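So you know, we letter chains A, B, ... as the sequences are listed, proteins then strands, and number each from 1. Predicted, not measured: the structure shown is a model, and the values here were computed from it.
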Amino acid sequence: MSRPAKTHKVKMMEQQLAKKLTRQVVGSLVGCVHCGMCNDACHYVLAFPDDPKMTPSYKADQLRKLFKANFDWTGKAIPWWVGADKAPLTDDDLEVIKDISFGTCTNCRRCTLSCPMGVDTATLNRIMRGLLSHVGVMPEGVRVVSKDQWELGNQMGVLKEDYVDTLEWMSEELEEDLGHGEAAIPVDKAGAKIMYCINPREVKYDPRTIKEAALIFWAAGESWTMPSEGWDNTNFGLFSGDDGLGGVSARREYDKARQLGVEKIVISECGHGFRSTRCEGVNWAGEQQPVPMESAVMTMLRFIKEGRIKVDPTRNPERVTFHDSCNNARSCGFYEEPRELLKLVTMDFQEMYPNRAENYCCTGGGGAMSMSEYTPRRLESAKVKADQIRATGAKVVVTSCHNCVDGLSDLIKHYGLGCEVKQLVNLVANALVLDEVKEPEAVPAPAEIEVAPVAVASPLAGRKILVVDDEDDVRLFLTTVFEDAGAQVLTASDGDTAVAVAREHQPDLISLDLSMPGKDGVETFVELRRTPETEEIPVCVVTGHPEFRQVIYDRPVAPPEGYLGKPVDEDKLVAYAHHIIEHREAKVH
Amino acid sequence: MHDVSPALHTAEIIHWIALAVMAVVYSLRIRWLLSFNLARDRSVPGNPAQSNAKKGARHSLFNVAMPWSMESTRSRKGFGFYLSFVVFHLGVVAGIALAFVSTIAPDVLRIPAVATTMLALIVGAFLVALYRIARRLLRPLMRLISTPDDYFSLIMLTVWFGLGACTQAHLIGAWGMTSEAILIAYLYLTSFFLLYVPFSKISHYLYYPFTRIYIGRALGHRGSYPVVRGEEA
């Protein structure tokens, strides 16, 4: 039977592959003896023992076949003898490989450590991803995120004004907390010692980590700044295999550091951000290290060791365990500092096994969190990680990676582990003893003048908020939280009612669940945006399904103003609602 | 040289020619591998207190002799596979030695200690090879990742081990192996083996030093290799 002719995309991939063949890559391509020793190292294999397609060597073979068909002596002469006859030829073949390469591997590199030949399977899989991305064959989430990073300079499409606005918001919160404005976040401060770069997830979903880092920098008396551009330490080129994107993204940070004249780049707690910026970025960008770079974990540890900040571990009494990010531990040798820091700021640290470079992936790495089509498989593959966590008996899983935060949060919920995920910056900020450090000179207030309360008791007083959720207990919880914050609350348990109530009552904010029977949250959101009377009402998505995040951001309407994952932290919910409403009013006026 | 029949003499000459051809093709193989650029890591050392490129490369190169170094060989199941790996590869070394020594100094192979060792190694490797065939045929995972080359290489080696054991028995006059044809067949199969190896998966041992040094150097530079483990639970 004759085989179909090669498509243009396949030919382009072959040309591109020739450019990626280094001696190390060729060694990994020809070195595999198909012994199957890598098998048990993979969390996908452990979760799907009856599916042989999960084995790492099979995933790497997708690239190996292409290589053998085009570059190997035997493969070119007798393709069927070495499996080169099964190299992709059609665009349909590429779709199948796309699902293997993106959907059954997180590029965690664990199998590499179990290969007797030293075959770097994760690198081969990343190359395959790069070839596929080169011809436009990739999951929709990867395409959207890559596009955002190319065009907007960060992988979550955060606009500069929103980024700066968030920094101002966090500065305001710090001022409220401390009673003075000395801890405000400096932006583009030339000559500062440290340029602090973050993950855009912090701006979009977890801005309090920025505030906590700012508090620690201020407490340590550090000269620091955040850049207005080149601030995204993450790099989707690592996940998509696109070295071009990798180089451009890394260079943005490096150029900004040079422009500001800083002495060091400090990378917030992000595994792939650390690896991309500190380790791989210089290779993709083709330059030497522009300035020294380190993780914020190292910075915080140094602050404590140098006596620049004081911490009280009794403030973190619960049992904690530590999850090593694959990118940090396996690919960058960064695993002792987090443990050292944890032992200084917590009371009960329990090691997880296996750990460090042999730790299992959180299952959210390799861009998996942006590929919602593979979510069920990803969660199933997380069983070994869930078992690891359960065995520690910890109430808090600490990790130094934002991807891991999302991946672990998902699996903790899925497997009902009953613990929460924190980062070291949360724990250090919580343990920080501020009265032991240099504080601004106190100005005694005259006795007759009353000092204004630091926190606003009813931050949502006078606001009208519509809570949309089909679950009675969640609706009651959100209603209580908002009412306690002074808001007037309206409720709706389905999409149609929500739209009707919103049209009639014109709330200041809509808290919207995504997973609802009948008209779901996504449809409801789109209808709200397309209805003239409701299109301007800000919406904060509150959902227990993070995998829907991409779905809603892909709609052809303006994105929601906020996004929170369940379970919701009460303070965070109120802070978000307050910020969204204030921000909207500022824009209107 | 020892006295041999014309048929055996021809087999021996072909055998040495095959060795020469293999050496040439291997040289070309290495030259081909070295024709690709060696990527250099521009990042500064990751965790110099823990490791470095040299230390990583050195440890990685000798990884084959350290079953405790990898999870895949440290577990009970993995250690069993490791032992079978050792037996299999020692059998390969013994089989090749048998072919060459039998053409130069066959009397050495008749020294009792040498004969017993050779026979034990080759028979052991033969049994492991049979197990490997069964493993590759019966496990869906192994079938999925196997190519005709994988099957052929393994079957060829199994036959080679079997014939090698008979050859060693012939040299010491055991098992009723009296016909010189066994030795001739073994030399021809070894010749084919030598000619086939550079084009097959069996050439992996040629690449082993390269792949192990590359990965060890890369991860050693980053500070994550040799692997550091926390105390066991």
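Of the atoms belonging to B:Val64, not a single heavy atom falls under 4.5 Å from chain A. Both the backbone and the side chain of A:Arg278 have a heavy atom closer than 4.5 Å to some heavy atom of chain B. For B:Leu34, the parts sitting under 4.5 Å from any heavy atom of chain A are the backbone and the side chain alike. Contacts of A:Asp61 with chain B are made by side-chain atoms alone, with heavy-atom separations under 4.5 Å and no backbone atom involved. For B:Leu28, the parts lying under 4.5 angstrom from a heavy atom of chain A are both the backbone and the side chain. For A:Thr123, no part sits under 4.5 Å from any heavy atom of chain B, backbone or side chain. For chain B, no part of A:Lys86 is nearby; none of its heavy atoms comes within less than 4.5 Å. Neither the backbone nor the side chain of A:Glu337 comes within contact range of chain B, judged by heavy atoms closer than 4.5 Å.
Comment: B:Arg229 does not engage B:Glu71 in a salt bridge, judged by the lack of any side-chain N to carboxylate O separation of less than 4.0 angstrom. The residues B:Asp41 and B:Arg222 are annotated as salt-bridged, a charged nitrogen and a carboxylate oxygen being separated by less than 4.0 angstrom.
In this structure, the ring of B:Phe152 has its center less than 6.0 angstrom from the ring center of A:Trp81. Between A:Phe334 and A:Phe274, the gap from one ring centroid to the other is short of 6.0 Å. The aromatic ring centroids of B:Phe100 and B:His15 lie less than 6.0 Å from each other. Taking the six-membered ring for Trp, B:Trp68 and B:Phe79 have ring centres at least 6.0 Å apart.
Contacts between residues 85-99 of chain B and chain A, defined by a heavy-atom separation under 4.5 Å, are made by no residue at all. Within residues 36-43 of chain A, the residues approaching chain B closer than 4.5 Å by heavy atoms are, in numerical order, A:Gly36, A:Met37, A:Asn39, A:Asp40, A:Ala41.
Among the candidates A:Ala77, A:Ala357, A:Ala391, A:Cys35, the residue making the largest number of heavy-atom pairs closer than 4.5 Å to chain B is A:Cys35. With respect to chain B, the highest number of heavy-atom pairs below 4.5 Å among A:Cys111, A:Pro354, A:Gly286, A:Ala285 belongs to A:Gly286. Ranking B:Asn47, B:Ile202, B:Leu141, B:Val227 against chain A, the residue ahead of the rest is B:Leu141, based on heavy-atom pairs under 4.5 Å. For the set B:Val44, B:Leu219, B:Ile213, the entry with the most heavy-atom pairs within less than 4.5 Å of chain A is B:Val44. With chain A as partner, the option from B:Arg136, B:Arg42, B:Gln50 having the largest number of non-hydrogen pairs under 4.5 angstrom is B:Arg42. Note: B:His204 leads B:His204, B:Arg40, B:Arg132 in heavy-atom pairs under 4.5 Å with chain A. Annotation: maximal heavy-atom pairing with chain B below 4.5 Å, among A:Cys332, A:Gly83, A:Pro116, occurs at A:Pro116. Top candidate by heavy-atom pairs under 4.5 Å with chain A, chosen from B:Tyr208, B:Phe210, B:Tyr205, is B:Tyr208. Between chain B and the options A:Thr55, A:Val33, A:Leu113, A:Ile78, heavy-atom pairs under 4.5 Å are most frequent for A:Val33. Chain A forms more heavy-atom pairs under 4.5 Å with one residue of B:Pro148, B:Gly223, B:Ser43 than with any other, namely B:Pro148. The choice from A:Asp51, A:Thr74, A:Asn283 that makes the most heavy-atom pairs within less than 4.5 Å of chain B is A:Asn283. The candidate from A:Arg64, A:Glu287, A:Met352, A:Met293 with the greatest count of non-hydrogen atom pairs under 4.5 Å with chain B is A:Glu287.
For the residue pair B:Asp150 / B:Thr147, a side-chain donor-acceptor distance below 3.5 Å is found, with atom types taken as modelled. Using modelled atom types and a 3.5 Å distance limit, the side chains of A:Ser331 and A:Arg109 yield a donor-acceptor pair. In this model, a donor atom of one side chain and an acceptor atom of the other lie less than 3.5 Å apart for A:Thr277 and A:Glu253. Of the N and O atoms on the side chains of A:Asn359 and A:Gln388, at least one donor lies less than 3.5 Å from an acceptor on the other residue. Between A:His272 and A:Asn328, the side chains place no donor N or O within less than 3.5 Å of an acceptor N or O (distance only, hydrogens not considered).
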A:Glu351 and A:Arg339: CA distance, side-chain angles, deciding distance, salt bridge (Lys or Arg N to Asp or Glu O under 4.0 Å) verdict: CA-CA 9 Å; A:Glu351 191 66 88; A:Arg339 286 173 169 77; 2.8 Å; yes
Audit row: A:Asp324, A:Asn355, side chain to side chain donor-acceptor pair (under 3.5 Å) steps and yes/no: CA-CA 7 Å; A:Asp324 287 282; A:Asn355 52 51; over 6 Å; no
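Results of the side chain to side chain donor-acceptor pair (under 3.5 Å) test with A:Arg126 over A:Thr121, A:Asp120, A:Asp243 single out A:Asp243 as the only residue that passes.
Figure legend: cation-pi geometry between A:Arg110 and A:Tyr360, with NZ or CZ positioned under 6.0 Å from the six-membered ring centre and within 45° of its axis.
For CG of B:Asn37, the number of neighbouring non-hydrogen atoms (other residues, nucleotides, ligands) closer than 6.0 Å is 12 at most.
A donor-acceptor pair under 3.5 Å links the side-chain atoms of B:Ser203 to the main chain of B:Ser200, judged by distance alone. A donor-acceptor pair under 3.5 Å is formed between the side chain of B:Ser84 and the backbone N or O of B:Phe81. Side-chain atoms of B:Arg29 come within 3.5 Å of backbone N or O of B:Pro198 as a donor-acceptor pair.
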